[in-house]
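As the structure is a computational prediction, the values presented were derived from the model and not from experiment. All values below were derived from every heavy atom in this structure, side-chain atoms included, with hydrogens, water molecules and symmetry-related copies excluded.
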Amino acid sequence: MNIRLFIKIVVLTLVFLISSHLSFAAYQSRFDAINFDPAIGGGNYFSVYDSRTLKAWQGRMGFSFDYANKPLEFRSTGAVAGRQSVLDHTFILNAHGALGFTDWFNVGINIPFVVYAAYFTDNAAALPDKGFSMGDMVLMSKIRLINIDKTRIGLSLIPFLTFPTGDVVRYAGSGHVTGGLRLVVDAQLHERFEMSLNMAGIMRDDVTRNYVFTGGATSSVRVDDIFSYGFGMNYKVSKHFEIISEVFGATVMRDFFATRNVTSLEADAGVRWNIGQSGFSLDAGGGAGLIEGVGTPKFRGLLGVTWTSPGTPKEVVIPPDPRIKDNKIVLWGKIFFDTAKDEVKTISFPVLDDVVDVLNTHPEITQVEVQGHTDARSNDDYNLGLSQRRADAAKQYLISKGISSGRLISRGYGESQPIASNDTVEGMSQNRRVEFVIMQNAGGFITPVVPPVSVDNAAGTQYEPVPVKKKKVAKTKVKTSDSQKLPVDAEMEAEETVDAATQPAVKPATEVKPATEVKPATEVKPATEVKPATEVKPATEVKPATEVKPATEVKPAEEVKPATETKPQSKIEDKNMLTPSPKADGANLTAQKDAEGNYLPNYSSK
């Protein structure tokens, strides 16, 4: 129902009922013997109010039915003892509702209908009269001053008015407008247990009613301004089941608790069942009078149903979480693994715990892809398998901390998505990583999902690595002396040295070349260029008698310098062969040198 239409109906009904009953009730003034008024707008109790208010434009309406046995009796005060029941039985249906205009201000109304009343005239004849009537309508507002949900102590003020819509003959109305103010103080002692104290002052006309018994005995009841009070307790057994108990009563202000027949006290208890998330709740209970004043029954039975609308949710601006950026969960540290293994190191547990906190804080994140990445060492299949196993390990850690497996998927991308160059140790360290990409939230997919198309031989899992253009580098281990070791990873990651025993053989795509070119102090240039891959052949093949060996072994780490001038080990048989010596058998040599200082042979016949 539209809220504005509901308000119009309530206002028109109120105007009609007041106008139709004022003329009837104005001729005489009596008091109201109905002292059970349900807490308008509901709450934690039956008739005692709590300090909570409805949210802005949130509504609550309900019906409560109560039966009272002998709520009004006259007792003789003369020599002849006796009592006369004026109201024997009453069945009353209360229709009540409330609407929140702000989060701290409510307005509510209660209309009581006396479905059945066994009434006896208040004279010696005691004539019975049974029938249907109304009670006085109540209009109230609640102003919350202290929010119990924030401070565990609540405070509210409830001003109210009653209108003379009730039947004054059957003591179901006062015949005049009354009003008052109720103070509500409650406390939350435990998340399941609350208590509330109500105190109210009600302004009423000073009315006296007399009853004359047979034999001359009389009984007199004088009702004036009233002080009422109530105390309630609520214990939440579970989310849907509550136990309620309360005590309430009233006395006239001119003589507090002095006159028994105008002092009332009643105790009630019952249960409440909140029906799922429907907003409906059912009440059932009962109680008895402790002091039999005006309106206090011998015993009472209670039934009720209440419905609360969900209300208009207030838009709350939540500041962005700095741990979430560009659809990724930002890590404050790296996820470390042992070399060529998929077991997460304990040093990385705090980093993963922060990811757990992000997912617990943001339940709207419904799917996260745990991504594994490697550097460019080793072959593609091996890197895919290793990255998948590491992504699986990180995923299993999150699941062990309570994150639902349905929110997580793991995928290895191997070396296909580098974020730095693989030519340096630092770049390779950055490429070895685990990332957490938000794939889906409550509103739908926010990151496109790549369907799997290729297969990882190691894990048997399908992936689709993202194609990336990268510089081709030699995939091989470089052995260095102690003085030439690579610098230790600045991120404390003893990481990713390729182990030939655990990884497939690495086949370089091109010819293996040493890291640095070895150059002697004096560059030696043979007649033709020497290539390591093929046999050195000069323009005319030179075959020394024996293999020419340098005086010392050439090492890549050191500069090669020939200690002395190279001399051949045997006679030169070929007249066209170049020799570094100025002499040869059977030849006359002219001591001439070339530009590089080598002797040039000059053969001639004797």
Side-chain angles (χ1 to χ4, degrees), residues 37-62 64 96 98-108 140-160 181-200 228-249 266-285 287 302 304-314 316 318 360-361 363:
D37 296 313
I40 300 174
N44 282 334
Y45 313 98
F46 298 138
S47 66
V48 175
Y49 286 83
D50 62 16
S51 66
R52 288 183 177 85
T53 52
L54 299 171
K55 297 178 181 179
W57 303 111
Q58 183 181 24
R60 180 176 290 163
M61 59 183 300
S64 66
H96 54 88
L99 179 66
F101 287 90
T102 69
D103 287 349
W104 52 269
F105 178 73
N106 294 174
V107 172
M140 55 79 70
S141 63
K142 181 188 286 188
I143 304 168
R144 190 191 68 204
L145 303 178
I146 300 176
N147 190 347
I148 187 175
D149 294 322
K150 293 183 178 180
T151 63
R152 291 186 177 270
I153 299 293
L155 179 65
S156 290
L157 291 177
I158 303 178
F160 60 92
L181 179 66
R182 179 177 282 105
L183 174 68
V184 178
V185 181
D186 55 358
Q188 186 179 50
L189 305 182
H190 185 269
E191 61 180 3
R192 293 176 178 267
F193 182 68
E194 295 185 14
M195 299 188 304
S196 182
L197 175 66
N198 292 187
M199 294 178 290
S228 69
Y229 51 91
F231 177 76
M233 294 183 292
N234 179 290
Y235 178 73
K236 293 177 173 57
V237 179
S238 66
K239 182 178 180 180
H240 303 293
F241 189 74
E242 304 173 22
I243 298 177
I244 300 171
S245 63
E246 58 184 26
V247 177
F248 59 92
E266 180 178 340
D268 296 327
V271 295
R272 173 172 294 163
W273 177 33
N274 300 306
I275 306 175
Q277 304 298 323
S278 64
F280 284 93
S281 61
L282 299 178
D283 296 339
L302 299 171
V305 58
T306 303
W307 177 76
T308 304
S309 71
T312 302
K314 184 178 180 180
V316 179
I318 302 176
N360 287 331
T361 305

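Residues Met233 and Phe193 approach most closely at SD-CZ, 3.9 Å, considering heavy atoms. Here the shortest heavy-atom pairing between Ile244 and Tyr45 reads CG2-CA, 3.9 Å. Across all their heavy atoms, Tyr49 and Val184 have their closest contact at O-CG1, 3.5 Å. Closest non-hydrogen pair, Arg144 versus Ser51, comes out as CG-O, 3.6 Å. Heavy-atom minimum distance, Glu191 versus Lys236: O-CD, 4.4 Å. Closest non-hydrogen pair, Val305 versus Phe280, comes out as CG2-CD2, 4.2 Å.
Using a 4.5 Å heavy-atom threshold, the side chains of Leu157 and Leu183 count as touching. When side chains are defined from C-beta on, Asn274 does not count as touching Phe241, because their heavy atoms never get closer than 4.5 Å. Using a 4.5 Å heavy-atom cutoff, the side chains of Leu302 and Asp283 are not in contact. For the pair Trp104 and Asn147, the minimum side-chain heavy-atom distance is 4.5 Å or more. You'll find the side chain of Thr53 stays beyond 4.5 Å of the side chain of Gln58, heavy atoms only.
A distance of 13.5 Å separates CE of Met195 from NE2 of His190, quoted to the nearest 0.5 Å. Interatomic distance, OG1 of Thr102 versus CH2 of Trp57, reported as 10.0 Å (0.5 Å rounding). Atom CG of residue Asn106 and atom OG of residue Ser141 lie 9.0 Å apart, to the nearest 0.5 angstrom. Rounding to the nearest 0.5 Å gives a distance of 9.0 Å between OG of Ser156 and CD1 of Ile143. Between Arg192 atom CZ and Tyr235 atom OH the span is 5.5 Å, to the nearest 0.5 Å. Remark: Gln188 CD to Asn234 CG distance equals 10.5 Å, nearest 0.5 Å.
Each of Arg272, Glu246, Glu194 was scored for a side chain to side chain donor-acceptor pair (under 3.5 Å) with Asn44, with one residue passing: Glu194. When each of Ile40, Val107, Asp37 is tested with Met140 by the rule side chain to side chain contact (heavy atoms under 4.5 Å, CB included), just one qualifies, namely Ile40.
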CA sep, side-chain torsions, deciding dist, call: Phe248, Ser228, side-chain contact (heavy atoms from CB on, under 4.5 Å): CA-CA 8 Å; Phe248 59 92; Ser228 69; over 6 Å; no

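Listed for the Arg182 side chain is no donor-acceptor partner under 3.5 Å among the backbone atoms of Ala200. Looking only at distances, no side-chain donor or acceptor of Lys142 sits under 3.5 Å from a matching main-chain atom of Gly100.
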